[in-house]
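Single-structure report; data block below.
Start at 1 with the first residue, then count along the sequence. No hydrogens, no waters, no symmetry mates; every other heavy atom, side chains included, goes into these values. As the structure is a computational prediction, the values presented were derived from the model and not from experiment.
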Amino acid sequence: MNSESGLRKNSLGLFSLVFFVIAAASPLTGVVGGLPVAIISGNGAGIPVFYILSCAILMLFSVGFITMSRHVSDSGAFYTYISKGLGNKWGSSASIIALLAYFSIQTAIVAMLGFFSEQFLNQHFNLDIPWWIMSMLFVVIAWILGVRRVEFGGKLLGLMMVAEVAIVLLTDIMLLIKKTGPYTFRSFEPSVFMQGNLGVAFIFTIAGLIGFESTAIYAEECRDPRKTVPRATVIALLLITAFFCFTSWTLIQAYGFDQIVTIASKDPGNFVFNITRQYVGQWAVDTMSILLITSLFAATVAFHNNISRYLFSISRDGLIWKELCRTHPTNGTPHNASHLHSVILLLLLAGIGGAGLDPMVHIFAIGSAIATLCILILQLGVSAAVIFFFRHLNSANSRFSIFWAPLFSILSMAATIILVVNNMQSLVGSDSVVAKLIPWGIAAAALCGYGIAAKRELKTSVHQQND
């Protein structure tokens with residue numbers, strides 16, 4: 001196996017890839033943490049419709065994304081697509097934004113994981129271990145798994161994902177069985193879903209679906225990537241959407257569309273737990289608390305793998321330290337990249353813990369906001385790249401898939417980015433200066449990436465002239 005570019009081939013099948021993607025979306029976390037906030041700050045009982053609308057926009061993006069995936073199979077995913085379509089300078093910008101996105105969400109998730117683990121150990125075993133110590137422990141475990149063969153991680157994430165989805169669906173089904181009175185479908189009426197803060201509702205629902213696009217990161221390790229990546233992308237997006245739409249509609253049945261916002265506002269952190277306790281029992285709440293931790297850990301492992309493969313691809317293209325594109329001689333995993341970002345994350349967590357920052361208020365909220373905006377910018381860039389990539393390429397693909405769908409995707413992503421920027425304080429949950437600076441920080445990172453590539457091209461040009 002080539003140590004320079006030897007990602008292990010034919011390691012992942014369709015279902016393993018889908019598990020990686022859904023695990024990264026962390027469905028239980030989205031239901032327990034994100035859904036109540038979307039109901040309260042968004043459009044209340046109309047939230048199920050916005051999951052469908054968000055899916056429609058992302059499906060539009062997927063048309064061009066999938067079409068290009070049949071021509072480009074690289075672990076760099078977004079970065080590689082943008083490089084192929086828009087040029088190396090824009091690709092370099094994309095690489096910085098992608099790393100910022102995945103590292104931000106990884107930090108946010110692992111901080112949340114440490115927070116809930118600390119609470120669980122304190123409540124059940126009377127142990128008082130700081131959250132950041134717990135987070136560091138989980139990072140080490142993800143580090144070890146990240147060096148092992150990728151198919152092992154796929155099986156582990158599959159088990160965790162099935163368990164977390166099952167406990168939520170059990171709550172949904174028991175609620176529908178035990179509910180007295182008729183079901184209400186008024187969530188799907190315009191008079192209901194068009195009220196409230198539609199911008200905030202849309203931001204939270206589309207943020208809950210982000211992560212499905214990471215299928216392309218594993219293209220080099222898939223069996224028959226030309227078929228597996230497109231199928232996994234569509235299946236993952238539809239499954240995640242169906243899960244959130246059905247669960248949000250079901251939970252609304254517990255209190256009705258008139259009371260749902262008031263009830264959720266009283267105790268958003270325990271909103272789902274209270275419904276589960278009422279319709280299933282305390283044992284389900286205890287199980288859900290454990291599965292919330294495993295859900296976050298599954299997402300930690302998934303994003304660990306994403307970051308490692310991005311670093312691997314960028315290194316292989318010569319943008320950063322060349323040693324990062326070396327792979328494990330036996331497992332075929334990018335172990336050097338895994339080592340580097342694991343050490344960086346451990347040092348960051350130690351610093352955050354020492355500074356006494358709150359894992360939910362300061363870390364999770366800000367990290368999630370940065371990641372959401374970065375991914376939307378990358379999706380806009382990929383849509384533009386599809387148009388330029390196929391402009392001079394003789395292709396049998398339809399005009400819709402290589403021009404019109406990407407064009408409409410650009411327009412919808414641009415509108416979404418404007419919504420996110422204008423509602424950044426709502427997404428962060430704070431009107432702090434940091435929230436206002438997030439878009440500017442991302443823009444600075446993109447310019448930095450562009451400048452690095454421009455400098456590299458200038459150096460290469462000078463060397464060629466001297467030769």
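- In this structure, I109 CD1 and S295 OG are separated by 8.5 Å, a value rounded to the nearest 0.5 Å.
- Both tests pass for R399 against the ring of F403: distance under 6.0 Å to the centre and angle within 45° of the axis.
- Remark: side-chain polar atoms of N43 are not paired, donor with acceptor, to backbone N or O of G196 under 3.5 angstrom.
- Within the 4.5 Å cutoff, no side-chain heavy atoms of H304 are placed close to those of L145.
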### Message
What verdict does the side-chain contact (heavy atoms from CB on, under 4.5 Å) test give for F116 and F120, after you've listed the backbone C-alpha separation in whole Å, the side-chain angles of each residue and the deciding distance to 0.1 Å?
### Response
CA-CA 6 Å; F116 282 113; F120 183 83; over 6 Å; no

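- Closest of all the heavy-atom pairs between Y450 and S92 is N-OG, 4.4 Å.
- With hydrogens and angles disregarded, no donor-acceptor distance shorter than 3.5 Å links the side chain of S368 to the backbone of A365.
- Between V261 and G44, the shortest heavy-atom distance links the atoms CG2-CA, 3.6 Å.
- In this structure a side-chain-to-backbone donor-acceptor pair under 3.5 Å is missing from S248 to I47.
- Remark: side-chain polar atoms of N197 are paired, donor with acceptor, to backbone N or O of V200 under 3.5 angstrom.
- Counting heavy atoms from C-beta outward, T333 and R309 have side chains that approach closer than 4.5 Å.
- Between T67 and F390 the shortest side-chain heavy-atom distance falls below 4.5 Å.
- Residues V229 and I66 form no side-chain contact, since every pair of their non-hydrogen atoms from C-beta on lies 4.5 Å or further apart.
- In this structure, the side chain of Q106 does not engage the main chain of I307 through any donor-acceptor pair within 3.5 Å.
- The environment of CH2 in W249 is crowded: more than 12 heavy-atom neighbours from other residues, nucleotides or ligands sit within 6.0 Å.
- Remark: the backbone N or O of C325 is paired with a side-chain donor or acceptor of S315 at under 3.5 angstrom.
- Put simply, OG on S265 and CD1 on I260 are 9.5 Å apart, with the number rounded to the nearest 0.5 Å.
- For the residue pair D172/T247, the side-chain donor-acceptor check at 3.5 Å is satisfied.
- Put simply, the side chain of I240 does not reach to within 4.5 Å of the side chain of P27, judged on heavy atoms.
- Within the model, atoms CD1 of I293 and CE of M288 stand 13.5 Å from one another, a figure rounded to the nearest 0.5 Å.
- The environment of F15 atom CZ is sparse: at most 12 non-hydrogen atoms of other residues, nucleotides or ligands sit within 6.0 angstrom.
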### Task
Take I96 and C448 through the test side-chain contact (heavy atoms from CB on, under 4.5 Å) and record every step on the way to the result.
CA-CA 8 Å; I96 300 294; C448 180; 5.5 Å; no

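- When all heavy atoms of I363 and A111 are compared, the closest pair comes out as CG2-CB, 3.6 Å.
- With hydrogens and angles disregarded, no donor-acceptor distance shorter than 3.5 Å links the side chain of T276 to the backbone of V285.
- Judged purely by distance below 3.5 Å, without hydrogens or angles, the side chains of S62 and T233 never pair a donor atom with an acceptor atom.
- One distance of note links CD1 of I442 with CD1 of I370; it measures 6.5 Å at 0.5 Å rounding.
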### Task
Give the intermediate values and the outcome of side-chain contact (heavy atoms from CB on, under 4.5 Å) for residues F50 and L198.
CA-CA 9 Å; F50 273 69; L198 304 185; 3.7 Å; yes

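- Between D317 atom CG and S83 atom OG the span is 7.0 Å, to the nearest 0.5 Å.
- Note on ring orientation: taking the six-membered ring where Trp is involved, the planes of F138 and F297 are tilted (angle from 30° to 60°).
- Annotation for S401 and V63: closest pair CA-CG1, 3.5 Å, computed over non-hydrogen atoms.
- In this structure, Q253 contributes its side chain and T184 its backbone to a donor-acceptor pair below 3.5 Å.
- A distance-only check finds a donor-acceptor pair linking the side chain of T294 to the backbone of L291 [under 3.5 Å].
- Considering only heavy atoms from C-beta on, F204 stays 4.5 Å or farther from L35 through its side chain.
- Listed here is the closest heavy atom pair of N274 and R277: OD1-NH1, 3.0 Å.
- Using a 30° and 60° split on the angle between ring planes, H341 and F103 fall in the perpendicular class, above 60°.
- Between Q278 atom CD and L175 atom CG the span is 7.5 Å, to the nearest 0.5 Å.
- For the pair L447 and S93, the minimum side-chain heavy-atom distance is 4.5 Å or more.
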### Query
Could you walk me through whether K84 and F388 pass the side-chain contact (heavy atoms from CB on, under 4.5 Å) check?
CA-CA 9 Å; K84 297 284 187 184; F388 282 91; over 6 Å; no

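- Taking the centre of each ring, F65 and Y81 come in below the 6.0 Å mark.
- With contacts defined as side-chain heavy-atom distances shorter than 4.5 Å, the pair D267/N270 qualifies.
- Ring to ring, Y102 and Y310 are close: their centroids are under 6.0 angstrom apart.
- Of all the heavy atoms in I40 and A264, the pair that sits closest is CD1-O, 3.4 Å.
- The neighbour count for K178 NZ, taken as heavy atoms of other residues, nucleotides or ligands under 6.0 Å away, is above 12.
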